[in-house]
Amino acid sequence: MESLFGDTYPVGEDLNPLFADIILPVPIPRMFTYKIPKSLAEGIGIGYRVIVQFGKKKVLTGIVGKVHAKPPQAYEAKPILDVLDAQATVNPLQIRLWAWMAEYYCCHIGEVMNAALPSGLKLSSESKIQINPLFDQETSAYPLDDRELVILEALAQREEMSYQDCENILGIKSIHGIIKSLVVKEAILVFEEVKDKFSPKVESRVRLVKRYAEDRDALEGLFASISGKPKQEEILLKYLQEVPVFHQVALNEKGLEKSVFAQAGLSQSALKTLVKNGVLEEFKVVVSRFQDELAASDPIQLSQEQEAAKASIKQQFEEKHTVLLHGITGSGKTEIYITLIEEALAGGSQVLLLLPEIALTTHMVDRLRKVFGGRMGVFHSKYSDNERVEVWNGVLSGKVSFVVGVRSSIFLPFDSLGLVIVDEEHESSYKQFDPAPRYQARDAAIMLAWLHQAKTLLGSATPSFESFYNARQKKYGYFQLKNRYGEAQLPEFHLADILADKKKNLLKLDSTRLLREKIQEALQRQEQVLIFQNRRGYAPYICCEDCGWIPGCDRCDVSLTYHQFGEEMRCHYCGFKEKVPHTCAACGSTKLGAVGLGTERIEESLALLFPEARIARMDLDTTRSKYGYQRLLEDFGSGNVDILVGTQMITKGLDFDRVTVVGIMDADRILYFPDFRAGERAFQQITQVAGRAGRRDKRGNVIIQTRRPDDQIFTQIMAGDYVNFYLQEMGERQRFFYPPFVKIIKVSTRHKEYKVAEKAARHLHQLMAEIPVKKIMLGPEKGLIGKIKDQYIFESVAKLDRTSQAQAQFKHDLQAALEEMQAHKDFKSVRFVVDVDPY
Ligand code: ADP
Ligand code: ZN
Ligand code: ZN
């Protein structure tokens with residue numbers, strides 16, 4: 001495995017380093033060698049941030065990836081200009097992970113660096129311009145036009161300007177052409193501003209000035225002097241109530257947060273007056289964005305089955321790097337994680353627990369917080385950048401030894417991981433689609449653990465086929481938990497035939513009679529209901545009832561989605577939106593109707609069917625804000641909601657005792673999606689959402705609405721027959737060459753002109769086909785969405801032999817092919833995007 005990246009990016013300190021290879025944020029797939037000047041030799045090493053000159057005029061910041069004594073062959077190495085750090089910002093293990101990612105996912109190590117560093121640690125690269133001191137307008141060979149002269153005149157007065165400044169001065173939008181021309185004429189230089197963006201959180205506080213705090217008589221005198229000013233009195237009383245300085249003078253030192261007074265509705269101007277008059281003094285302190293919480297939970301008593309699982313996992317870790325824990329929903333995987341994490345931490349190791357995006361805001365994190373307190377850091381993508389830098393620094397300083405986080409937490413500066421856990425490992429949200437690096441966090445986490453010689457535990461109720469396959473091949477260890485924790489029973493499944501109900505006129509507002517009955521029963525017993533629909537929006541699209549016209553996005557070649565809120569149409573690919581049309585653009589008819597079934601419309605229909613019920617909806621639209629998701633969960637948890645309608649979001653992490661009915665509105669929509677994973681996903685989603693029904697003592701009901709009740713997959717889902725379903729699907733995948741039997745690499749070719757995109761795609765496809773590796777080539781075809789953001793897209797797919805030699809060779813030759821394409825005069829402005837394991 002070492003050779004995957006070891007040859008390309010060996011990392012080791014040379015005893016007599018003269019040169020450094022620098023990772024730079026440029027789209028060129030390698031590191032760049034620079035000379036280490038004697039003056040800097042002492043304070044430089046792997047992971048330090050440095051400033052170098054790149055090309056003729058640019059100054060960039062990068063990270064030292066390697067130090068050595070070998071001069072570059074092809075060019076004279078330039079010196080490093082400066083070192084920014086007193087100690088390394090990233091450690092050698094991180095750089096090895098970056099290097100592996102760049103190689104495996106066919107991207108540039110600079111792109112990985114960009115994804116890995118929180119922008120607070122990146123050096124802001126806002127470009128600025130200055131006059132070239134060597135420029136002399138009299139003797140210049142190139143005449144300058146009016147606009148260029150304006151810029152030069154402004155520069156003569158201001159020394160430096162940002163692009164934005166230039167645009168403001170000229171009053172035009174795009175300045176790049178003019179800048180480029182000035183650079184070519186050697187009139188100006190472009191440089192990058194170097195500044196560290198992290199800013200700590202500062203709190204404003206007030207306290208009594210010393211005289212009043214330490215002298216009771218002085219304070220009484222003060223009260224007497226302001227007796228006619230009740231507002232000031234109120235402030236002082238509030239202060240003394242919160243900070244009882246008479247009991248303990250030392251308390252005054254810490255003072256009180258200024259915002260406390262505002263929250264209590266007290267007068268801000270009275271507060272100001274007291275400060276002005278020298279009664280209170282203001283001061284600022286730097287505080288952590290995260291409270292130091294103490295662990296507060298009872299020791300965990302594992303059940304017999306959980307004990308057996310834990311013992312088996314530990315034993316399998318003796319000989320295997322990775323173990324798959326396959327446990328039905330409610331089997332208590334979390335408690336097993338907790339005991340394993342505690343043991344790893346006690347042994348002095350760091351631990352990383354990856355969760356899918358949305359599971360991070362649930363009770364799971366609260367539960368872990370109670371056990372691990374301040375040792376635990378949470379790394380969420382909705383956090384501000386400053387919050388993320390704090391977690392980063394917490395890991396660096398050793399204060400945080402355990403991190404719960406989303407996929408990007410694999411980039412934190414761990415130096416001694418002992419255990420990595422990937423919960424819900426089958427989740428498709430572990431894959432990053434855009435931008436590069438397009439990585440699968442589960443797979444990258446396994447590599448990360450391997451680099452640390454740590455162990456990986458994958459957990460799921462419905463494992464991904466890849467992981468289950470690896471377990472059956474004995475590459476991974478495996479343990480199955482077959483029972484729910486405690487007395488909790490699995491739910492009872494019912495199939496509801498949509499078409500049969502329709503024929504008998506029993507279908508009302510998309511609900512079958514069975515579903516309506518079960519909901520009604522639950523409501524009568526004051527129990528809760530979850531309704532699942534695999535789509536957001538009110539209805540997917542608007543359609544003309546006379547001619548069939550459907551409004552589409554001009555830029556993306558997809559139909560616009562109808563959003564009832566705001567009466568607008570939105571493109572889910574590029575964000576384009578417009579008002580709902582009143583007449584058909586093709587025939588002028590006014591009979592335009594909504595087609596399809598989104599969460600918004602289901603919410604409305606249910607409100608009509610169950611007017612007495614309290615109904616809420618959970619999807620991307622209702623949870624956009626940082627705490628939107630949490631608020632909805634709390635509402636539901638505290639019983640303020642009877643029916644919760646939602647998308648995938650409700651399949652994860654909900655653990656509510658009073659949910660006894662789960663309805664799946666349209667199972668066919670999941671099952672007949674055009675994707676080879678549709679079956680796998682349907683099994684996973686339906687099983688996951690069904691798992692929310694009836695935990696504890698009550699047996700739940702799951703109603704699956706479908707037009708094809710005879711499909712065998714339903715029998716298998718209802719019986720929890722994962723293995724037979726797996727075997728059957730794997731037969732198909734083997735026959736039609738799908739993963740895990742082949743490796744898929746997808747290359748998309750994008751250009752704003754259809755003809756150019758098509759021609760480039762064909763050319764590249766030919767080059768790929770010629771690579772001497774066992775494979776099947778598909779395409780080039782217009783992408784599933786033929787056009788995104790005004791770019792036409794063609795895709796070529798290679799299904800590769802699984803051997804690592806075949807993959808390495810293909811990736812290597814593909815790189816060469818792409819460089820050849822990019823150098824071709826017709827294809828200079830064409831964009832190529834490589835996606836490894838794209839699905
Ligand atoms: P999973 O993640 O496997 O779906 P959970 O870890 O959420 O299951 O466990 C299901 C429920 O059982 C939770 O409410 C959890 O608190 C409870 N539980 C599991 N194991 C234990 C245990 N050993 N002691 C007490 N409660 C447990
Ligand atoms: Zn029409
Ligand atoms: Zn669009």
Side-chain angles (χ1 to χ4, degrees), residues 295-314 323-343 351 353-372 376 404 421-427 430 442 457-464 467-468 478-491 528 530 633-634 636-638 648-660 662 683-700 702 717 720 722:
S297 106
D298 301 328
I300 291 162
Q301 195 64 47
L302 292 183
S303 71
Q304 245 179 13
E305 198 185 10
Q306 286 170 324
E307 267 314 339
K310 186 183 152 201
S312 167
I313 290 165
K314 284 173 68 174
V323 173
L324 172 62
L325 175 60
H326 181 181
I328 58 171
T329 51
S331 56
K333 295 185 287 295
T334 314
E335 315 292 321
I336 298 174
Y337 299 159
I338 289 174
T339 56
L340 288 170
I341 294 166
E342 275 179 329
E343 284 178 21
V351 178
L353 169 59
L354 287 185
L355 294 179
E357 182 72 41
I358 206 66
L360 250 194
T361 32
T362 62
H363 69 289
M364 173 105 163
V365 171
D366 299 339
R367 170 94 188 82
L368 293 169
R369 176 70 74 196
K370 284 207 185 90
V371 178
F372 297 101
M376 179 176 104
V404 192
I421 300 174
V422 185
D423 191 33
E424 311 274 9
E425 63 85 28
H426 63 277
E427 256 306 310
Y430 281 127
R442 174 195 61 221
L457 181 63
L458 306 176
S460 175
T462 49
S464 65
S467 298
F468 198 64
Y478 177 80
F479 191 91
Q480 187 175 15
L481 286 165
K482 293 186 173 140
N483 299 297
R484 283 188 156 186
Y485 176 79
E487 305 294 286
Q489 294 176 9
L490 279 171
Q528 289 176 307
L530 286 180
L633 279 188
E634 275 161 22
F636 192 72
S638 59
Q648 271 79 334
M649 284 186 187
I650 63 168
T651 64
K652 267 151 248 160
L654 287 174
D655 180 15
F656 295 120
D657 293 345
R658 284 192 294 146
V659 175
T660 56
V662 165
F683 198 104
Q684 286 161 352
Q685 277 180 12
I686 295 174
T687 306
Q688 293 281 343
V689 72
R692 304 300 136 211
R695 320 259 302 186
R696 305 288 141 77
D697 48 346
K698 278 186 206 123
R699 182 137 196 233
V702 177
I717 289 176
Y722 176 84

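Note that the structure is predicted; figures quoted are calculated from it, not measured. For ligands, and for the atoms within them, numbers begin at 1 and follow the listed sequence.
- For ligand 1, the atoms sitting less than 4.0 Å from at least one non-hydrogen atom of Thr329 are 4 (O), numbered in the order shown with element in parentheses.
- One distance of note links CZ of Arg369 with CG of Asp366; it measures 9.0 Å at 0.5 Å rounding.
- Remark: Arg442 does not engage Glu424 in a salt bridge, criterion side-chain N to carboxylate O under 4.0 Å.
- Atoms of ligand 1 lying under 4.0 Å from any heavy atom of Gln301, numbered from 1 in the order shown and given with element: 22 (C), 23 (N), 24 (N).
- Those atoms of ligand 1 with a heavy atom of Gly332 less than 4.0 angstrom away are 1 (P), 3 (O), 5 (P), 6 (O), 8 (O), 9 (O), 19 (C).
- At least one N/O-N/O distance between Lys333 and ligand 1 falls below 3.5 Å.
- The closest approach between any non-hydrogen atom of Gly327 and ligand 1 is not below 4.0 Å.
- In this structure, the side chains of Tyr337 and Leu368 stay at 4.5 Å or more apart for every pair of heavy atoms.
- Looking at His326, its side chain does come within 3.5 Å of a backbone N or O of Ala461 through a donor-acceptor pair.
- Looking at Ser467, its side chain never comes within 3.5 Å of a backbone N or O of Ser464 through a donor-acceptor pair.
- In terms of polar-atom proximity, defined here as any N/O pair under 3.5 Å, Tyr485 does make such a contact with ligand 1.
- When Thr339, Ile300, Thr334 are checked for heavy-atom proximity to atom 2 (O) of ligand 1, Thr334 turns out nearest.
- Side-chain atoms of Thr329 and Gln688 include no donor-acceptor pair closer than 3.5 Å.
- Short contacts between ligand 1 and Leu302, defined as distances under 4.0 Å to a heavy atom of the residue, involve ligand atoms 23 (N).
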